[in-house]
Amino acid sequence: MHKTGKECELNRRDFVRNCSVFLAAGAVPSLLAAQQPPSSAGPVVPELIEDLVAANRVLAAEGVVDGYGHVSARHDRDPNRYLLSRSLAPELVTAADIMEFDLDSVPVDPQGRGMYLERFIHGEIYKVRPDVKAIVHNHSPSVIPFGISTVPLQPVYHMAAFIAEGVPVFEIREAGGMTNMLVRNPALAESLARTLDSHPAILMRGHGAVVVGPGVRHAVGRSVYLQMNARLQSEAVALGGPVTYLHPEEAAKREADLIEDGYSRSWELWKKKALAK
């Protein structure tokens, strides 16, 4: 059916109007991003993949994570890429499950695989913390009380000396109002990264914790000992009376040892046990 010039003009206006709506909503950039995934930084050294798989297994074996939680590592060839498993219980992660992401947490080659809803935590922290090479997000029950009470988490023994640098608490209500408690978009993750600042760990009110480190074994070691310190501090407080915490100078000297050593003895033991299963 032949359309009049007036009808054609109206259709053209409708088309332009609809395009404007899509552009205003950010739909076109999203579509373009979906059509043009980020390029890969190239092959990763096998040892990094092995350590990342082991990290998932270790965290599960030590009770830091259960069916939920995740750990990532910055790509060894490109600081603007990071590695993270597809959405899977940590204890089940294998090398084939590891995916590559850019710092906007867009997958390089999704292959239809599911992704962690809170993967944005990793990308936003890597953006602002060039010193960080690995990140753990966990729901350790032992740390939850310190994120919902007025009692600050403090170092009570030498293996958790890093806590002396301070462990801030992320209040998601201040960042996003009433949510489902998940850091499931870049804006919330950016706020969390800003609250983390230069600290090695952060608590998430009513949720869990995020722990960072200069390497996979550091982030895993800190996660295990953060949980253990929380248990010990709770027990000490429950005993009643004053608690003697590590002095900042003691903590600094011990943390220097742990940074250099990288929890090596614990890591080798954990990794051997985890990969033997």
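Since we're looking at a predicted model, the values are computed, not measured.
- A 4.5 Å side-chain heavy-atom check between His137 and Ile125 finds every atom pair outside the cut-off.
- In this structure, Gly69 and Pro90 approach most closely via the heavy-atom pair O-CG, 3.4 Å.
- Residues Arg194 and Val128 are not in side-chain contact: their nearest non-hydrogen atoms beyond the backbone lie 4.5 Å or more apart.
- No side-chain donor-acceptor contact under 3.5 Å links Asp104 to the backbone of Val106.
- Using a 4.5 Å cut-off on side-chain heavy atoms (C-beta onward), Tyr126 and Arg81 make no contact.
- Smallest separation of non-hydrogen atoms from Ala175 and Ser191: CB-OG, 3.3 Å.
- In this structure, Asn229 contributes its side chain and Gln154 its backbone to a donor-acceptor pair below 3.5 Å.
- When all heavy atoms of Val211 and Ala219 are compared, the pair lying nearest together is CG1-O, 3.8 Å.
- For the pair Arg222 and Phe162, the cation sits on the ring face: its NZ or CZ lies under 6.0 Å from the ring centre, inside 45° of the axis.
- Rounded to the nearest 0.5 angstrom, Arg265 CZ and Asp261 CG are separated by 8.0 Å.
- To the nearest 0.5 Å, atom NE2 of residue His247 and atom NZ of residue Lys253 are 10.0 Å apart.
- Hydrophobic clustering places Val151 together with Val143 (ILVMFWY residues linked when any side-chain heavy atoms are closer than 4.5 Å, directly or through intermediates).
- Asn56 places a side-chain N or O within 3.5 Å of a backbone atom of Leu52 that can act as its donor or acceptor partner.
- With hydrogens and angles ignored, the 3.5 Å screen pairs no side-chain donor or acceptor of His207 with any backbone N or O of Leu182.
- Ring centers of His70 and His122: under 6.0 Å apart, within the cut-off.
- At a threshold of 4.0 Å, the pair Asp51-Lys271 counts as salt-bridged, since one of the basic side-chain nitrogens sits closer than that to a carboxylate oxygen.
- Between Leu48 and Arg74, the closest heavy-atom pair is CD2-O, 3.7 Å.
- Going from atom CD of Glu62 over to atom OG of Ser266 covers 8.5 Å, rounded to the nearest 0.5 Å.
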Apply side-chain contact (heavy atoms from CB on, under 4.5 Å) to the pair His218 and Ile259, showing each step before the final yes or no. CA-CA 7 Å; His218 293 87; Ile259 286 292; 4.2 Å; yes
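- Heavy-atom minimum distance, Ala96 versus Arg113: O-NH1, 3.5 Å.
- Contact annotation: the side chain of Leu153 approaches that of Leu226 to within less than 4.5 Å [non-hydrogen atoms, C-beta and beyond].
- Environment of CD in Glu260: sparse, with no more than 12 heavy atoms of neighbouring residues, nucleotides or ligands closer than 6.0 Å.
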Test side-chain contact (heavy atoms from CB on, under 4.5 Å) on Ile135 and Val210 and set out the steps. CA-CA 7 Å; Ile135 300 169; Val210 175; 3.7 Å; yes
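- You'll find the side chain of Val237 reaches within 4.5 Å of the side chain of Gln233, heavy atoms only.
- In the hydrophobic clustering of ILVMFWY residues, with side-chain heavy atoms under 4.5 Å counting as a link, Tyr157 and Ile163 come out together.
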Checking side-chain contact (heavy atoms from CB on, under 4.5 Å) for the pair Arg129/Val212: CA distance, chi angles, key distance, verdict? CA-CA 9 Å; Arg129 290 285 300 273; Val212 303; 3.9 Å; yes
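- Under a hydrophobic clustering in which Ile, Leu, Val, Met, Phe, Trp and Tyr are joined whenever their side-chain heavy atoms come within less than 4.5 Å, directly or via other members, Val136 and Ile49 fall into the same cluster.
- Annotation: the span from Lys127 atom NZ to Leu103 atom CG amounts to 6.5 Å, rounded to 0.5 Å.
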Take Leu258 and Tyr263, measure what side-chain contact (heavy atoms from CB on, under 4.5 Å) needs, and give me the verdict at the end. CA-CA 6 Å; Leu258 292 170; Tyr263 300 95; 3.9 Å; yes
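- Taking the six-membered ring for Trp and thresholds of 30 and 60 degrees, Trp270 and Tyr225 have ring planes inclined between 30 and 60 degrees apart.
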Which donor-acceptor pairs under 3.5 Å do side chains of residues 164-172 form with protein atoms, sequence neighbours excluded?
| unit_1 | atom_1 | unit_2 | atom_2 | d |
| --- | --- | --- | --- | --- |
| Glu171 | OE1 | Arg205 | NE | 2.9 |
| Glu171 | OE2 | Arg173 | N | 2.9 |
| Glu171 | OE2 | Arg205 | NE | 3.3 |
| Glu171 | OE2 | Arg205 | NH2 | 2.7 |

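- Of the inter-residue distances, the one linking Thr94 atom OG1 with Leu88 atom CG reads 7.5 Å to the nearest 0.5 angstrom.
- Taken from NE2 in His75 to NZ in Lys133, the straight-line distance is 14.0 Å, to the nearest 0.5 Å.
- Contact of the Arg86 side chain with the Met115 side chain is not registered, since no non-hydrogen atoms from C-beta on lie closer than 4.5 Å.
- Two residues are said to be in side-chain contact when any heavy atoms from C-beta on lie closer than 4.5 Å; Arg254 and Met159 meet this criterion.
- One hydrophobic cluster holds both Val71 and Val45 under the rule that ILVMFWY side chains link at heavy-atom gaps under 4.5 Å.
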For Ser142 and Gln227, run side chain to side chain donor-acceptor pair (under 3.5 Å): C-alpha distance rounded to whole Å, both residues' side-chain angles, the deciding distance at 0.1 Å, then the answer. CA-CA 6 Å; Ser142 300; Gln227 173 175 265; 4.7 Å; no
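- No continuous path of ILVMFWY side-chain contacts below 4.5 Å connects Ile148 to Leu203, so the two sit in separate hydrophobic clusters.
- Of all the heavy atoms in Ala189 and Ile121, the pair that sits closest is CB-N, 3.8 Å.
- Asn185 places a side-chain N or O within donor-acceptor distance of the main-chain N or O of Ala187, the cut-off being under 3.5 Å.
- Two residues are said to be in side-chain contact when any heavy atoms from C-beta on lie closer than 4.5 Å; Ser223 and Val220 fail this criterion.
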